[in-house]
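Residue numbers start from 1 in every chain, and the chains themselves are labelled A, B, ... in the order their sequence lines are given, proteins ahead of strands.
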Amino acid sequence: MSDRVWLMKSEPDVFSFTDLQTCGRTWWDGVRNYMARNYMMKDMKVGDWVLFYHSNAEPSGVAGLAIVTSAARPDESSFDKKSEYYDAKSTRENPRWQCVEVGFLNSLPRLVSLAEIKGNKRLAKMILLQNSRLSVQPVLPAEAREILRMAGVTGVEIGAHP
DNA sequence: GCCAACGTTGGC
DNA sequence: GCCAACGTTGGC
């Protein structure tokens, strides 16, 4: 059982947590940042929990709980000339970008806004607050527990199945 | 819509 | 390999 937690950002106008709830699972394609890619390729494992974060939103914040459903594989959108994420330097023989698949795990009683996160001393070291540009990032179990508590979640152990 | 922060690109 | 220019992210 995994007790590792990640935070992944998505603009809700593009793909929201409700969209994930509707479709069940999705490949996290379109990430074009090496640090974010490396976390997906090297560190994310099936069963890891994901805090689904709404960026560029009103309000921005942690909107729901997701889970890694498949380890990284080449990002198909990087091969697709019609995709806005197409990258001519990424080939099937030598894929430059990879992504994991993420599935819906649970809704939260309420969203935890960025303002609330900033206001909580226990969350001061979160990467979210140090580097606002990283869209895939690890979260410490204690930080994840705190955010779930703020969201009104009780009695849930990280990594436990819902 | 503005713009600070940061990552990437490309000339040298 | 440096670094200026440029593009993007994302909060406000």
Side-chain angles (χ1 to χ4, degrees), chain A residues 4-23 25-44 48-68 72-105 107-140 142-152:
Chain A
R4 239 181 334 187
V5 185
W6 303 89
L7 182 147
M8 298 175 94
K9 295 181 188 174
S10 182
E11 301 193 22
D13 291 348
V14 179
F15 188 84
S16 70
F17 184 68
T18 302
D19 293 332
L20 180 67
Q21 184 162 15
T22 301
C23 72
R25 50 176 68 187
T26 188
W27 287 95
W28 205 264
D29 60 7
V31 170
R32 296 294 177 265
N33 170 285
Y34 289 104
M35 203 179 299
R37 180 204 67 175
N38 290 345
Y39 281 133
M40 288 198 283
M41 272 176 63
K42 299 174 183 180
D43 300 318
M44 293 179 81
D48 287 357
W49 280 21
V50 175
L51 304 178
F52 194 111
Y53 180 90
H54 282 171
S55 61
N56 258 318
E58 195 49 58
S60 293
V62 175
L65 258 185
I67 189 166
V68 177
R73 68 167 208 198
D75 180 338
E76 290 294 323
S77 71
S78 71
F79 310 134
D80 178 4
K81 284 189 177 165
K82 281 173 274 180
S83 168
E84 61 177 312
Y85 303 123
Y86 175 70
D87 181 351
K89 290 173 180 166
S90 181
T91 62
R92 288 189 188 279
E93 300 70 46
N94 190 14
R96 172 178 291 212
W97 304 108
Q98 299 205 30
C99 60
V100 297
E101 187 193 52
V102 168
F104 173 83
L105 183 60
S107 341
L108 296 176
R110 59 186 174 76
L111 178 140
V112 179
S113 72
L114 177 61
E116 290 176 80
I117 292 171
K118 281 184 171 172
N120 187 328
K121 272 187 178 172
R122 292 174 181 163
L123 303 177
K125 289 186 177 162
M126 284 188 73
I127 295 169
L128 183 71
L129 306 184
Q130 316 286 328
N131 177 3
S132 68
R133 312 236 352 229
L134 187 61
S135 66
V136 176
Q137 56 188 261
V139 177
L140 294 177
E143 294 166 341
R145 273 193 292 274
E146 183 67 8
I147 287 174
L148 293 178
R149 190 190 65 73
M150 293 163 80

(message) Which residues pass the side chain to side chain contact (heavy atoms under 4.5 Å, CB included) test with A/Lys118, not counting sequence neighbours?
(response) A/Leu114, A/Leu129
Got a list of protein N/O to nucleotides 1-5 of chain B N/O distances below 3.5 Å?
| residue | atom | partner | partner atom | Å |
| --- | --- | --- | --- | --- |
| B/dA5 | N3 | A/Arg133 | NH1 | 3.2 |

(request) Please check the phosphate of C/dG11 (OP1 and OP2 only) for any side-chain N or O of A/Tyr53 closer than 4.0 Å. (result) yes
(message) I'd like to know if the side chain of A/Arg4 reaches the main chain of A/Leu140, judged simply by a donor and an acceptor atom lying under 3.5 Å from each other, with no hydrogens or angles considered.
(response) no
(request) Taking only the side-chain nitrogens and oxygens of A/Lys9, find out if one of them lies under 4.0 Å from OP1 or OP2 of C/dT9. (result) no
(request) Take the protein atom CG of A/Asp87 and the nucleotide atom P of B/dG7, then report the distance between them rounded to whole Å. (result) 18 Å
(message) Can you work out whether A/Asn131 or A/Lys89 has the more 5'-proximal nearest nucleotide on DNA chain B?
(response) A/Asn131
Scan the side chains in residues 97-105 of chain A for donor-acceptor partners under 3.5 Å anywhere in the protein, sequence neighbours excluded, and list what turns up.
| residue | atom | partner | partner atom | Å |
| --- | --- | --- | --- | --- |
| A/Trp97 | NE1 | A/Asp87 | OD2 | 2.8 |
| A/Glu101 | OE1 | A/Arg25 | NH1 | 3.3 |
| A/Glu101 | OE1 | A/Thr69 | OG1 | 2.8 |

(request) Please identify each residue that fulfils side chain to side chain donor-acceptor pair (under 3.5 Å) with A/Ser78, with sequence neighbours left out. (result) A/Ser90
(request) Sequence neighbours left out, what passes side chain to side chain contact (heavy atoms under 4.5 Å, CB included) with A/Arg73? Give chain and number order. (result) A/Trp27, A/Glu76
(message) If you take any heavy atom closer than 4.0 Å to DNA chain C, which residues from residues 111-124 of chain A end up in contact?
(response) A/Leu114, A/Lys118
(message) Restricting to ring-ring contact (aromatic ring centres under 6.0 Å, His included), what partner residues turn up for A/Phe52, sequence neighbours left out?
(response) A/Phe17, A/Trp28, A/His54
(request) Starting from C1' on C/dG11, measure out to CD on A/Glu11 and report it in whole angstrom. (result) 12 Å
(request) Step by step, work out the side-chain contact (heavy atoms from CB on, under 4.5 Å) result for A/Ile117 and A/Leu128. (result) CA-CA 9 Å; A/Ile117 292 171; A/Leu128 183 71; 4.0 Å; yes
(request) Check side chain to side chain donor-acceptor pair (under 3.5 Å) between A/Ser77 and all other residues, then give those that pass, not counting sequence neighbours. (result) A/Arg32, A/Asp75
(request) Take atom CZ of A/Phe15 and atom P of C/dG10, then tell me their distance rounded to the nearest Å. (result) 16 Å
(request) Would you mind reading off the distance between A/Glu58 atom CD and C/dG11 atom C1', rounded to a whole angstrom? (result) 10 Å
(request) Scan residues 11-21 of chain A for pairs that pass side-chain hydrogen bond (donor to acceptor under 3.5 Å, both in side chains), counting only residues two or more places apart or in two chains. (result) A/Glu11-A/Asn56, A/Ser16-A/Asp19
(request) Return the value, rounded to whole Å, for the distance between atom CG of A/Asp13 and atom P of C/dG11. (result) 13 Å
(request) Report the residues that fulfil side chain to side chain donor-acceptor pair (under 3.5 Å) with A/Asn120, sequence neighbours left out, ordered by chain and then residue number. (result) A/Glu146
(request) Could I get the full list of side chain to side chain donor-acceptor pair (under 3.5 Å) partners for A/Tyr34, not counting sequence neighbours? (result) A/Arg96
(request) Go through residues 30-44 of chain A and report each residue with a non-hydrogen atom lying under 4.0 Å from DNA chain B, sorted by number. (result) A/Asn33, A/Tyr34
